[in-house]
Amino acid sequence: MANFSPPPGTADIFPAEALRWQRLESVARAVFSRYGYGELRTPMFEYTEVFQRGLGDDTEVVQKEMYTFLDRGGRSLTLRPEGTAGVMRSLLNTDVLNGVEQRVYYQGSMFRGERPAAGRRREFHQIGVENVGRIAPELDAENIAMLMHFLEELGITGASLRLNTRGVMADRGPAGEMLRAYFLPHLGTMCPDCQTRFQRNIWRILDCKQQACRDVVAGVPDYLAAYSADSRQYFERVLRALDALKVPYEEDRFLVRGLDYYVHTVFEVTHSALGGQSAVAGGGRYEVFLPEASRPAPGVGFAAGVERLLMVQDALGAGEIPAEGADIYLIGLGEAARMANLSLSAELRRQGLRVELEVEDKSFKAQMRGANRSCARKTLIRGEDELARKMVVLKEMSDGSQQEIPEEALLRVLKGEGVC
RNA sequence: GUGGUAGUAGCUCAGUUGGUUAGAGCGCCUGGUUGUGGCCCAGGAGGUCGAGGGUUCAAAUCCCUUCUUCCACCCCA
């Protein structure tokens, strides 16, 4: 029924699936809280310049993927394409610029106008974390460790962590020159994209997937040598802290990342169970300079793709949720019995039981089928006869056994059998 | 954005070289005697064959347009 399909790249999440989302979210909450993080909920849209300035005008995201619109007051607003910029905008209302640390996580929809593909939607969901206000290599490492811990709790094994350092802004000049000098003579053999990257953002050449470009990139000089001693030492300390935290990693000099705000540490977690889009999470240390701020705000964080995490769990057979039926299904024969069941349902639900019942005048067989379909553990049956004698029949669905008990003993029996 | 793929019942799909009331499995509903589910059996409901236009005596089947899906590139989560 294509008529009722949602807009391209969006999806409806039905209850059975939503259960998995909820579980994933609660795992995130549980893990992050152990590291002192609380949830920050920011708007789904911001002033456009928050992203323009925050992410960098030259980024792919800002240039051609944002959902930007004018509101009725003529303001230019943009549906958030990622979480960090909005979080920083929000935290600028605190003391982060004076070195006061904020630990927050966020979750929710992000919007990017891309062509949908496996693991890529226009509305997708991220769970992300930001540690803002302080600069210390150990914080970078702890952040990464928390991400790996989160994946572990989700039952995601076999993920691989790659990391690199982007140095600070002052390192980009000398290191960029080194790259420019190296790439210039090879430009002729490289892809058109890289030709423009050479002009606009030479670093992006490093993670070009074209074979011809990769061949050239393979011989790139060690640009870390052009970084300042401080920057190199910062990265060293990140690595040592990761060792101390027992987090396995792999250094990757070609890892850059598409957002301009990164400095020092950048990292990405991929999983081979995924296809074209193999990144499940990514992040790094950043400095976000928002309009009207006196100076850039420092932080370190990551974002994980919820859909992708779920896909990996699928592939690994992790995170399966057993079907949960009602605790008890009420069957009533005759108007009076059904009415009695209706009021009983209210009472049992207040006791915390999951109760289902048939309210229409259906045959006994049809009602039993209903009980079976809903995977109910127990069925309560009563007709006019039982009603008159104030008795109910309690049936155990797994083995079909049943017993007749007094109405007033019902709760006691259910409690005795651990149903509630 | 570029390229490829597909679009038939709630779901997964079949539909021969265009030919009469478009099928299957699963699911759903109702029964298989008076109050007992899951298995089995019988019957039933449910489709403007994604949409629009065209060719034809005749189109789910051919042509055009359009929308949507999935996938790759790209980019990233």
Side-chain angles (χ1 to χ4, degrees), chain A residues 1-11 14 55 59-65 80-84 107-128 147 191-194 196-197 201 204 207-211 255-259 266-271 274-283 301-312 325 329 331-334 337 358 360 362-387 393-402 404:
Chain A
M1 192 60 87
N3 315 23
F4 297 111
S5 59
T10 65
F14 278 73
L55 311 195
T59 58
E60 204 87 13
V61 174
V62 171
Q63 274 186 353
K64 42 191 206 194
E65 296 176 355
R80 63 181 182 196
E82 59 92 62
T84 304
Q107 57 159 332
S109 297
M110 304 295 160
F111 307 86
R112 256 121 100 156
E114 302 178 281
R115 192 81 157 256
R120 194 174 73 185
R121 329 222 85 156
R122 291 183 171 175
E123 179 185 21
F124 61 104
H125 300 77
Q126 289 188 333
I127 293 184
L147 168 58
C191 75
D193 281 340
C194 283
T196 61
R197 284 174 183 139
N201 192 343
R204 301 312 311 263
D207 67 359
C208 182
K209 310 291 189 302
Q210 301 297 316
Q211 193 51 50
L255 176 67
V256 214
R257 302 211 37 95
L259 278 11
V266 289
F267 56 91
E268 202 166 281
V269 176
T270 55
H271 201 288
L274 262 27
Q277 272 68 45
S278 61
V280 296
F302 65 78
V306 174
E307 286 86 349
R308 292 187 190 175
L309 292 173
L310 257 14
M311 286 168 77
V312 174
Y329 193 100
I331 289 180
L333 300 162
E358 179 53 60
E360 283 188 279
K362 298 238 177 148
S363 73
F364 195 3
K365 184 198 268 288
Q367 295 194 54
M368 278 307 295
R369 280 190 179 140
N372 189 61
R373 191 173 339 103
S374 74
C375 299
R377 288 175 62 186
K378 289 179 184 298
T379 303
L380 178 142
I381 303 163
R382 62 176 156 185
E384 279 158 28
D385 174 49
E386 286 86 354
L387 202 58
V393 172
L394 204 52
K395 181 183 177 92
E396 178 66 40
M397 293 301 275
S398 58
D399 60 13
S401 65
Q402 57 187 54
E404 193 179 62

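These figures come from a predicted structure and were not determined experimentally. Below, chains carry the letters A, B, ... as their sequence lines are ordered, and counting in each starts from 1.
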How many angstroms lie between CD in E65(A) and CZ in R122(A), if you round to the nearest 0.5 Å?
-> 10.5 Å

Distance-only, no hydrogens or angles: does the Q63(A) side chain make a donor-acceptor pair with backbone N or O of E60(A) under 3.5 Å?
-> no

Nearest-nucleotide comparison on RNA chain B, the residue closer to the 5′ end among T10(A) and G258(A) | T10(A)

Base, sugar-phosphate, or nothing for M397(A), non-hydrogen atoms under 4.0 angstrom?
-> base

P gap between C13(B) and G54(B), integer Å = 32 Å

Measure distances between side-chain N and O atoms of Q402(A) and base N and O atoms of U36(B), and say whether any donor-acceptor pair falls under 3.5 Å.
-> yes

Going by atom types only, do T10(A) and E123(A) share a side-chain donor-acceptor pair under 3.5 Å?
-> no

Pull out every stem in RNA chain B, meaning runs of 3 or more consecutive Watson-Crick or G-U wobble pairs with both distances under 3.5 Å.
-> B:1-4 with B:70-73, B:10-13 with B:23-26, B:28-32 with B:40-44, B:50-54 with B:62-66

Distance in angstrom units between F364(A) CZ and U30(B) P, rounded | 15 Å

Side-chain-base donor-acceptor pair under 3.5 Å for E386(A) and G35(B) | yes

If you check every side-chain atom of A117(A), which of A72(B), A77(B), C74(B) has the closest atom?
-> A72(B)

Expressed as a whole number of Å, how far does the P atom of C67(B) sit from that of A72(B)?
-> 23 Å

Which part of the nucleic acid does A118(A) contact within heavy-atom distance under 4.0 Å: base, sugar-phosphate only, or nothing?
-> sugar-phosphate

Sugar-phosphate only, base, or nothing, as touched by G400(A) at under 4.0 Å among non-hydrogen atoms | base

Q210(A) side-chain N/O to C74(B) phosphate OP1/OP2 under 4.0 Å = yes

Which nucleotide in the list C74(B), A77(B), U30(B) gets nearest to the side chain of E60(A)?
-> C74(B)

Would you mind classifying the nucleic acid contact of S109(A) as base, sugar-phosphate or nothing, using non-hydrogen atoms under 4.0 angstrom?
-> nothing

How is K395(A) classified with respect to the nucleic acid when contacts are heavy atoms under 4.0 Å: base, sugar-phosphate, or nothing?
-> base

What's the shortest heavy-atom distance between P6(A) and A11(A), and which atoms?
-> CG-CA, 4.2 Å

P-based separation of U69(B) from C11(B) [nearest Å] | 15 Å

Would you kindly give the CE-to-P distance between M368(A) and G31(B), to the nearest whole Å?
-> 15 Å

Rounding to the closest angstrom, what is the interatomic distance between G19(B) and A24(B) at atom C1'?
-> 22 Å

Distance-only donor-acceptor test, R115(A) side-chain atoms vs C70(B) base atoms, 3.5 Å | no

How close do P81(A) and L55(A) get, heavy atom to heavy atom, and via which atoms?
-> CG-CD1, 4.3 Å

Out of curiosity, K395(A) NZ to S401(A) OG, how far, rounded to the nearest 0.5 Å?
-> 8.0 Å

What nucleotide among U69(B), C74(B), U36(B) has an atom nearest to a side-chain atom of D193(A)?
-> C74(B)

Rounded to the nearest 0.5 angstrom, the CE-CZ distance for M368(A) and R373(A) is 12.0 Å

Below 4.0 Å: OP1/OP2 of C70(B) and any side-chain N or O of R121(A) = yes

Which is true for G370(A) with a 4.0 Å heavy-atom rule: it touches a base, it touches only sugar-phosphate, or it touches nothing?
-> nothing

Selection from U36(B), G31(B), A77(B) that lies nearest to any side-chain heavy atom of S363(A) | G31(B)

Report which part of the nucleic acid G334(A) touches: base, sugar-phosphate, or nothing (heavy-atom distance under 4.0 Å, all strands).
-> nothing

In terms of side-chain heavy atoms of K362(A), which of A72(B), U69(B), U30(B) is nearest?
-> U30(B)

From U36(B), U69(B), C74(B), nucleotide with atom closest to I381(A) side chain | U36(B)

Quote, to the nearest angstrom, the C1' distance that separates U2(B) from C62(B).
-> 29 Å

Round to a whole Å and report the spacing from CG of L394(A) to P of G37(B).
-> 17 Å

State, to 0.1 Å, how close E384(A) and G334(A) come at their nearest heavy-atom pair, and which atoms those are.
-> OE2-CA, 4.2 Å

Is any side-chain nitrogen or oxygen of R373(A) closer than 4.0 Å to OP1 or OP2 of C28(B)?
-> yes

Check if the side chain of Q277(A) and the base of A72(B) share a donor-acceptor pair of N or O atoms closer than 3.5 Å.
-> no

Expressed as a whole number of Å, how far does the C1' atom of U65(B) sit from that of G7(B)?
-> 16 Å

Please figure out whether V306(A) or R122(A) has its closest RNA chain B nucleotide nearer the 5' end.
-> R122(A)

Could you measure between the two P atoms, the one in U48(B) and the one in A22(B), and give it in whole Å?
-> 13 Å

Once you round to the nearest 0.5 Å, how far does CZ of R121(A) lie from CD of Q277(A)?
-> 11.5 Å

Nearest non-hydrogen partners of H125(A) and S109(A), listed with the distance | NE2-OG, 3.1 Å

Please state whether the base of U36(B) and the side chain of K365(A) form at least one donor-acceptor pair under 3.5 Å?
-> no

Using the C1' atom in both, what is the distance from C28(B) to G10(B), to the nearest Å?
-> 8 Å

Starting at atom CG of L380(A), determine the distance to atom P of G37(B), rounded to an integer number of angstrom.
-> 17 Å

Phosphate contact (U36(B) OP1 or OP2) by T379(A) side-chain N/O below 4.0 Å = no

Over all heavy atoms of both residues, which pair between F267(A) and L255(A) is shortest? Give the atoms and the distance, please.
-> CA-CD2, 3.8 Å

Nearest-angstrom distance from the residue atom CD of Q63(A) to C1' of G1(B) = 13 Å

Nearest to side-chain heavy atoms of N372(A), which nucleotide of A77(B), G38(B), G35(B) = G38(B)

